[in-house]
Amino acid sequence: IVRPLRELTGAVSAMTAGHWHSQVQVTQQDEVGELAAAFNHMSERLVAAQAAVAQAQGSLAQQVEQRTEALQWQEAQTRTILDNVHDGVIACGDHGRINSFNAAAARMFGYGVAEVIGRPIGELIPALSTLATPQHEAPPALLHNQEVTALHRDGSRLPLRLRLSQTHHGARHLWVISAQDVREIH
């Protein structure tokens with residue numbers, strides 16, 4: 001009885017060390033033999049489960065890679081469109097912080113795109129400082145093609161015509177601001 005139990009103990013130790021294919025010889029038809037057969041069955045099931053997990057991981061990794069490539073392509077398309085629009089387009093997330101700033105907005109305000117990401121919109125367009133409030137509200141008049149004064153990087157005043165739109169996803173808010181330089185309109 002000792003030899004089969006030692007063999008089973010050795011197989012259990014091997015399995016805990018990561019050797020999932022560990023098996024023991026079933027030489028008896030008693031309780032020890034049943035225990036050895038149950039261990040072998042468990043080992044086979046673990047090997048099959050490990051193979052299924054590895055296959056699922058490979059499939060999932062491939063899906064993630066494909067989805068990442070699709071999102072990168074979609075982002076590149078969106079960025080190309082936004083960078084070729086004549087109007088300045090600015091997106092602000094929660095707390096009125098800028099999270100997107102197209103090339104036209106960069107030219108209009110005199111900042112590089114990276115310089116404004118994360119900054120409060122109120123620093124550039126004081127009339128929109130209320131977007132940083134917990135209510136995420138814009139002055140109602142600004143929702144309909146309103147003219148405001150913004151601040152250029154050099155400190156000069158910049159007359160703009162703004163259009164705002166808002167969307168939310170759950171508790172997250174997104175404001176999209178379309179800005180036209182009034183001096184170029186008239």
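Reckoned from all heavy atoms, side chains included, excluding hydrogens, waters and symmetry mates. FYI, the numbering just counts along the sequence from 1. Remember, predicted model here, so these are calculated numbers, not experimental data.
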Partner set under side-chain hydrogen bond (donor to acceptor under 3.5 Å, both in side chains) for [X], not counting sequence neighbours:
| X | answer |
| --- | --- |
| Q23 | S43 |
| N99 | none |
| H86 | E184 |
| T167 | none |

Is the shortest heavy-atom distance from the side chain of [X] to the side chain of [Y] under 4.5 Å?
| X | Y | result |
| --- | --- | --- |
| L164 | L162 | yes |
| D94 | R172 | yes |
| P159 | R183 | yes |
| V113 | N102 | no |
| V176 | V89 | yes |

Is I177 reachable from I117 through a run of I, L, V, M, F, W or Y residues, each pair having side-chain heavy atoms under 4.5 Å apart?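 Same cluster: I117 reaches I177 through Ile, Leu, Val, Met, Phe, Trp or Tyr contacts under 4.5 Å.
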For [X], enumerate each residue passing the side chain to side chain contact (heavy atoms under 4.5 Å, CB included) test, keeping only those at least two apart in sequence or located in another chain.
| X | answer |
| --- | --- |
| L8 | V24, L35, F39 |
| R107 | A103, A104 |
| A14 | H19, S22 |

Nonpolar side-chain network containing L151, other nodes, edges under 4.5 Å: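 When side chains under 4.5 Å apart are linked, L151 ends up in no cluster with other residues.
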May I have all residue pairs that pass side chain to side chain donor-acceptor pair (under 3.5 Å) and include part of residues 64-78, sequence neighbours excluded?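 Sorted result for residues 64-78: empty, none.
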Sequence neighbours excluded - side chain to side chain donor-acceptor pair (under 3.5 Å) pairs with any residue from residues 111-128: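 Listed by first then second residue: E115-R153, R119-E123.
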Can you name the ring-ring contact (aromatic ring centres under 6.0 Å, His included) partners of H152, sequence neighbours left out?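 Scan of H152 (ring-ring contact (aromatic ring centres under 6.0 Å, His included), adjacent residues dropped) gives none.
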Where [X] and [Y] come nearest, the two heavy atoms and their spacing:
| X | Y | answer |
| --- | --- | --- |
| F101 | L124 | CE1-CD1, 3.8 Å |
| D87 | Q180 | OD1-CG, 3.2 Å |
| Q166 | H173 | NE2-ND1, 3.1 Å |
| M108 | A179 | CE-O, 3.4 Å |

Tell me the salt bridge (Lys or Arg N to Asp or Glu O under 4.0 Å) pairs involving residues 32-58, sequence neighbours left out? none
Straight-line distance of S100 OG to L82 CG, nearest 0.5 Å: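 Reported to 0.5 Å precision, the distance equals 6.0 Å.
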To the nearest 0.5 Å, what is the distance between NE2 (H168) and CG (L174)?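 If we round to the nearest 0.5 Å, H168:NE2 and L174:CG are 10.0 Å apart.
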Do you know which of D154, L160, D181 makes side-chain contact (heavy atoms from CB on, under 4.5 Å) with F109?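 Of the listed residues D154, L160, D181, the side-chain contact (heavy atoms from CB on, under 4.5 Å) partner of F109 is L160.
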Given V53, which of Q57, Q50, Q55 fulfils the side-chain contact (heavy atoms from CB on, under 4.5 Å) condition?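 Option passing the side-chain contact (heavy atoms from CB on, under 4.5 Å) with V53: Q57.
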